[in-house]
Amino acid sequence: MQQTGIPPNKVTFSVVLKACAMIPALQQGKQFHSDIIKSGFESDVILGSTLVDMYVKCGCIEDARQVFNNMHERNVVSWTAIIAGYAQQGLGKEALELYEQMKQKHVQPDVVTYVVLLKACASIAALEQGKQLHLDIIKSGFELSVIVGNTLVGMYAKCGSIEDARQVFNSMHERDVVSWNAMIAGYAQQGLGKEAFNFYKQMKQEGLQPDIATYVVLLKACASIAALEQGRQLHLEIIKSGFESDVILGNTLVDMYAKCGHVQDARRVFNNIHELNVVSWTAIIAGYAQQGLGKEALDLYEQMKQEAVQPNIVTYVVLLKACASIAALEQGKQLHLDIIKSGLELDVIVGNTLVDMYAKSGCIEDARQVFNNMHERDVVSWNAMIAGYAQQGLGEESLTLLEQMQREGLKADEVTYGSVLSACSHSGLVDKGCQVFDSMCKDHGIIPTIEHYVCMVDLLGRAGCLAEAENFISKMSVPPNFLVWMTLLGAAKNHGHVEIGRHAFGCAVKLEPENAAPYVLLSNIYAAAGWRDEVANI
DNA sequence: GTAGGGTTAG
């Protein structure tokens with residue numbers, strides 16, 4: 001067209017931008033953007049909205065925002081396009097903030113706006129805001145739309161409120177296969193595999209045909225509860241339905257078999273996928289890694305590279321976890337280089353996984369270096385580093401990091417405190433550990449888990465404060481479990497404390513009468529004390 | 001003849 005010299009008009013540009021969004025093709029999109037400016041169509045509201053959508057679909061939310069900010073005129077479509085962009089990137093907070101601005105400008109939301117806002121809530125599990133939107137939707141009468149109903153079901157399910165999802169589903173005037181899929185997916189996400197299958201049965205009874213997404217969500221339900229037999233049954237149905245060549249379904253089957261512990265079956269499905277993509281490779285690599293077969297996982301990575309499939313963030317995370325599980329430091333370092341080459345080292349999740357890999361491989365200095373070089377750190381980053389110090393028994397360092405993290409305004413969570421307490425215990429920092437525990441409960445409002453209690457008993461017990469440990473157990477807000485008593489019993493053994501040992505033994509045996517471990521420890525205590533008859537008796 | 005939306009893979 002350009003060769004014939006016919007000048008493109010607004011409609012032409014609109015159509016080609018849509019093509020760029022579909023592929024997606026950022027470079028060509030940018031070229032058209034500059035052509036639009038040259039042609040003087042810049043201020044057209046339709047082209048502006050299309051440009052926003054093109055940048056969104058190409059993953060460039062910043063460029064989309066810039067176009068949006070420079071628009072002379074903005075209507076509901078323009079606002080919806082940019083809000084959808086933030087929602088798709090998982091930036092639900094920013095999306096909801098834009099909605100507030102939109103209302104201030106007196107632009108009325110329509111059905112599509114509500115759909116993308118609900119998706120924004122789903123992306124950040126903002127249940128309260130989702131409920132408020134639900135009320136607005138009812139007021140506007142949009143709840144009769146099937147798409148709105150389906151989105152509400154998905155929003156409630158992703159926010160963890162499966163009851164609300166069910167209520168919306170039941171009240172819907174019209175349902176299609178997506179409605180059923182959304183409900184089944186909701187149950188699968190919550191690990192409620194049985195309910196998911198009940199819905200599937202009901203769906204078929206009502207005469208609806210399952211589609212590819214139905215099978216995908218059902219297989220996820222199987223994976224979540226390791227229901228191998230139902231997974232096999234579905235596999236047969238998929239073959240009968242003719243969907244077996246679908247790559248997404250194939251990848252989901254690989255994942256289902258792997259999560260059910262049948263990596264051989266996973267491999268068989270993998271070998272039959274016609275067009276293996278990065279997800280297929282990642283799924284099978286993750287399958288081997290989850291089974292503790294780190295070497296096989298790394299071998300597959302080599303094959304993947306030979307097939308010229310480009311790994312992405314998820315692939316690297318899975319591979320680093322495989323390295324960490326077998327402490328394969330050399331391969332981990334090689335992966336680190338590959339990650340730097342691919343430009344993905346700035347991703348927070350990748351950084352966190354690198355810290356964890358180095359720490360688990362015993363290279364605390366390398367872990368710290370990655371940690372220091374990270375551009376952005378979240379609570380997981382700090383937890384990974386602190387856990388590394390805890391594993392090395394470096395109590396002071398973990399305490400310093402806890403303080404530093406709090407100074408930087410991050411909230412330590414139960415995982416952080418678990419690591420810090422464990423580090424204190426291994427370093428003999430009794431007073432510090434007790435202070436941290438008190439501060440965790442009183443200043444930070446964290447309810448201690450049984451793991452925290454075990455740590456505290458270990459901390460006191462190791463230091464020889466057995467009476468304090470026993471007293472601590474008597475004041476716990478949850479009933480002490482077997483491990484708590486075993487920890488006290490172990491401490492009693494190490495410090496030759498017969499009375500407390502007997503008490504801990506009695507409580508442990510009450511909880512797990514079949515377990516031989518308490519008997520072994522108590523007999524050791526008696527033996528050390530020279531009580532031969534008691535040893536024989538036990 | 002032109003713009004934004006629902007379920008679904010690692």
As a test of reading the structure: which of [options] is closest to the side chain of [X], going by heavy atoms?
X: K10(A); options: dT8(B), dA3(B), dT2(B); answer: dT2(B)
X: Q189(A); options: dT8(B), dT2(B), dG5(B); answer: dT8(B)
X: V279(A); options: dG4(B), dT2(B), dA9(B); answer: dA9(B)
X: A286(A); options: dT8(B), dG10(B), dG4(B); answer: dG10(B)
X: K119(A); options: dG10(B), dT2(B), dT7(B); answer: dT7(B)
X: K259(A); options: dT8(B), dG4(B), dG10(B); answer: dG10(B)
X: I147(A); options: dA9(B), dT7(B), dG5(B); answer: dG5(B)
X: S14(A); options: dT2(B), dT8(B), dG5(B); answer: dT2(B)
X: K18(A); options: dG5(B), dA9(B), dG4(B); answer: dG4(B)

Sugar-phosphate only, base, or nothing, as touched by [X] at under 4.0 Å among non-hydrogen atoms:
X: N9(A); answer: base
X: T50(A); answer: sugar-phosphate
X: V178(A); answer: base

Checklist entry - Under the 3.5 Å rule, do the base of dG10(B) and the side chain of N277(A) count as making a donor-acceptor pair? => result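 No.
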
Item to check | Heavy-atom donor-acceptor pair, T252(A) side-chain to dA9(B) base, under 3.5 Å | outcome: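 Under the 3.5 Å cut-off, the side chain and the base do not form any donor-acceptor pair.
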
Next on the checklist: Regarding N198(A) and Q202(A), do their side chains bring together a donor and an acceptor under 3.5 Å, going by distance alone?
Outcome noted: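 No pair is found: no donor N or O on one side chain lies under 3.5 Å from an acceptor on the other.
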
Next on the checklist: Assess, by modelled atom type and distance only, whether the side chains of T353(A) and D356(A) contain a donor and an acceptor separated by less than 3.5 Å.
Outcome noted: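 On atom types as modelled, these side chains do not qualify, holding no pair under 3.5 Å.
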
Item to check | Ionic contact status for E100(A) with K103(A), cut-off 4.0 Å | outcome: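 Here K103(A) pairs with E100(A) in a salt bridge, since their nearest N and O are under 4.0 Å apart.
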
Item to check | Residues forming a ring-ring contact (aromatic ring centres under 6.0 Å, His included) with Y215(A), sequence neighbours excluded | outcome: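 In terms of ring-ring contact (aromatic ring centres under 6.0 Å, His included), with neighbours along the sequence ignored, Y215(A) is linked to no residue.
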
Next on the checklist: Restricting to non-hydrogen atoms, name the atom on Q2(A) and the atom on D35(A) that form the minimum distance, rounded to 0.1 Å.
Outcome noted: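 Looking at all heavy atoms of both residues, the closest pair is NE2-OD2, 4.5 Å.
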
Item to check | Backbone N/O of Q167(A) and side chain of S171(A): donor-acceptor pair under 3.5 Å | outcome: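 Yes: the side chain of S171(A) pairs with the backbone of Q167(A).
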
Acceptor/donor pairs from residues 287-299 of chain A side chains to any protein atom, 3.5 angstrom cut, sequence neighbours excluded:
residue : atom : partner : partner atom : Å
Y288(A) : OH   : R267(A) : NH1          : 3.1
K295(A) : NZ   : D299(A) : OD2          : 3.0

Checklist entry - For DNA chain B, which residues in residues 295-319 of chain A have a heavy atom at a distance below 4.0 Å? => result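 Here the set is N312(A), V314(A), T315(A).
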
